[in-house]
Amino acid sequence: MKQQEDIPADLSELIRLGTVATVDLAAATCTVRYGDPDDDAEAETPPIRWLAPRAGRTRIWSPPTIGEQAIILAPDGQLAGAVALVGIWQDAFPPPGSTLAELIEYADGAKVGYDPESHSLTAILPDGATALVEAPGGLTIRADVRIEGDVTLAGRMDASEDVTADGISLKSHKHGNVQAGGAQTGEPL
């Protein structure tokens with residue numbers, strides 16, 4: 001029969017509350033400062049992994065922020081094998097909402113959210129930001145579309161119905177002051 005390992009006598013060695021001190025993006029690790037700085041009992045973990053919402057075939061990359069609170073989960077009390085569980089609200093990083101709407105807010109002010117009550121998806125980007133949708137198989141939008149701003153098209157555009165510009169139909173507009181026969185009209189005014 002396999003003998004169980006001893007559980008540390010002090011359970012505070014298994015679970016600790018701290019603050020993210022450093023983040024190493026290339027190594028996907030962080031260090032977490034924990035303990036009471038007022039009692040000179042503050043310490044810092046070695047580089048440890050943070051808990052991600054998904055880390056299998058589906059992966060979500062969302063690094064912690066320096067200053068973000070974290071719970072240190074240390075199996076057997078060993079900090080070298082610990083994991084930082086981030087995502088605890090605090091005064092420095094308050095919740096970005098107070099409704100059922102789900103929201104991701106980024107450091108530069110960008111917001112992506114979905115409100116199940118109003119059935120609306122929003123993506124709000126700060127000035128100078130860009131958006132890219134890359135879909136080699138095609139993109140289908142099944143809705144009326146309104147674009148406020150200039151549109152540049154690199155390629156061909158086909159319309160199954162009509163195209164209108166400033167109320168003038170491409171398909172059925174007529175030109176006045178023309179002669180029948182082989183004459184052509186002048187350019188549109």
Side-chain angles (χ1 to χ4, degrees), residues 15-34 37 44-45 47-73 82-171:
I15 302 172
R16 302 171 190 190
L17 184 63
T19 303
V20 175
T22 65
V23 178
D24 184 336
L25 298 175
T29 60
C30 65
T31 61
V32 179
R33 200 170 292 123
Y34 63 94
E44 192 170 299
T45 66
I48 59 176
R49 297 169 293 156
W50 64 80
L51 187 67
R54 295 293 304 275
R57 288 190 185 272
T58 299
R59 297 170 287 165
I60 298 175
W61 176 253
S62 185
T65 302
I66 292 174
E68 184 174 359
Q69 282 191 335
I71 293 175
I72 305 165
L73 303 175
V83 175
L85 175 62
V86 295
I88 303 167
W89 302 123
Q90 58 179 315
D91 290 343
F93 300 107
S98 60
T99 67
L100 288 178
E102 296 201 17
L103 176 67
I104 300 172
E105 185 175 48
Y106 297 92
D108 67 352
K111 296 178 183 180
V112 178
Y114 181 73
D115 186 339
E117 293 180 309
S118 65
H119 313 293
S120 62
L121 175 69
T122 58
I124 301 169
L125 304 178
D127 285 345
T130 62
L132 169 69
V133 175
E134 193 170 313
L139 177 66
T140 301
I141 299 173
R142 288 189 178 97
D144 291 339
V145 176
R146 177 185 171 101
I147 299 172
E148 294 181 13
D150 296 336
V151 175
T152 301
L153 176 68
R156 194 175 101 188
M157 183 168 87
D158 295 319
S160 62
E161 299 294 324
D162 196 2
V163 175
T164 59
D166 200 23
I168 300 171
S169 164
L170 179 65
K171 239 173 131 173

Closest contact, heavy atoms only, [X] versus [Y]:
{"X": "V23", "Y": "P64", "value": "CG2-O, 3.6 Å"}
{"X": "T45", "Y": "C30", "value": "OG1-O, 4.3 Å"}
{"X": "T29", "Y": "P47", "value": "OG1-CB, 3.7 Å"}
{"X": "A70", "Y": "V20", "value": "CB-CG2, 4.2 Å"}
{"X": "V83", "Y": "L51", "value": "CG1-N, 3.8 Å"}

Practice item. Calculate, to the nearest 0.5 Å, the distance between atoms CD1 and CD1 belonging to I15 and I72 respectively. Key: 11.0 Å

Salt bridge (Lys or Arg N to Asp or Glu O under 4.0 Å): which pairs involve [range], sequence neighbours left out?
{"range": "residues 156-165", "value": "R156-D158"}
{"range": "residues 51-60", "value": "none"}
{"range": "residues 18-33", "value": "R33-E44"}

Exercise answer: donor-acceptor pairs, residues 103-124 side-chain atoms, under 3.5 Å, sequence neighbours excluded:
unit_1: D108; atom_1: OD1; unit_2: A110; atom_2: N; d: 3.0
unit_1: D115; atom_1: OD1; unit_2: E117; atom_2: N; d: 2.8
unit_1: D115; atom_1: OD1; unit_2: S118; atom_2: N; d: 3.4
unit_1: D115; atom_1: OD2; unit_2: S118; atom_2: OG; d: 3.4
unit_1: S118; atom_1: OG; unit_2: S120; atom_2: OG; d: 2.8
unit_1: H119; atom_1: ND1; unit_2: P116; atom_2: O; d: 3.3

Check your understanding: Would you say the side-chain atoms of E68 pair up with the backbone N or O of I88, donor to acceptor, closer than 3.5 Å?
Key -> no

Please list every donor-acceptor pair under 3.5 Å in which a side-chain atom of residues 90-101 meets a protein atom from a residue at least two apart or in another chain.
unit_1: Q90; atom_1: NE2; unit_2: G67; atom_2: O; d: 3.0
unit_1: T99; atom_1: OG1; unit_2: A101; atom_2: N; d: 3.1

Acceptor/donor pairs from residues 126-142 side chains to any protein atom, 3.5 angstrom cut, sequence neighbours excluded:
none

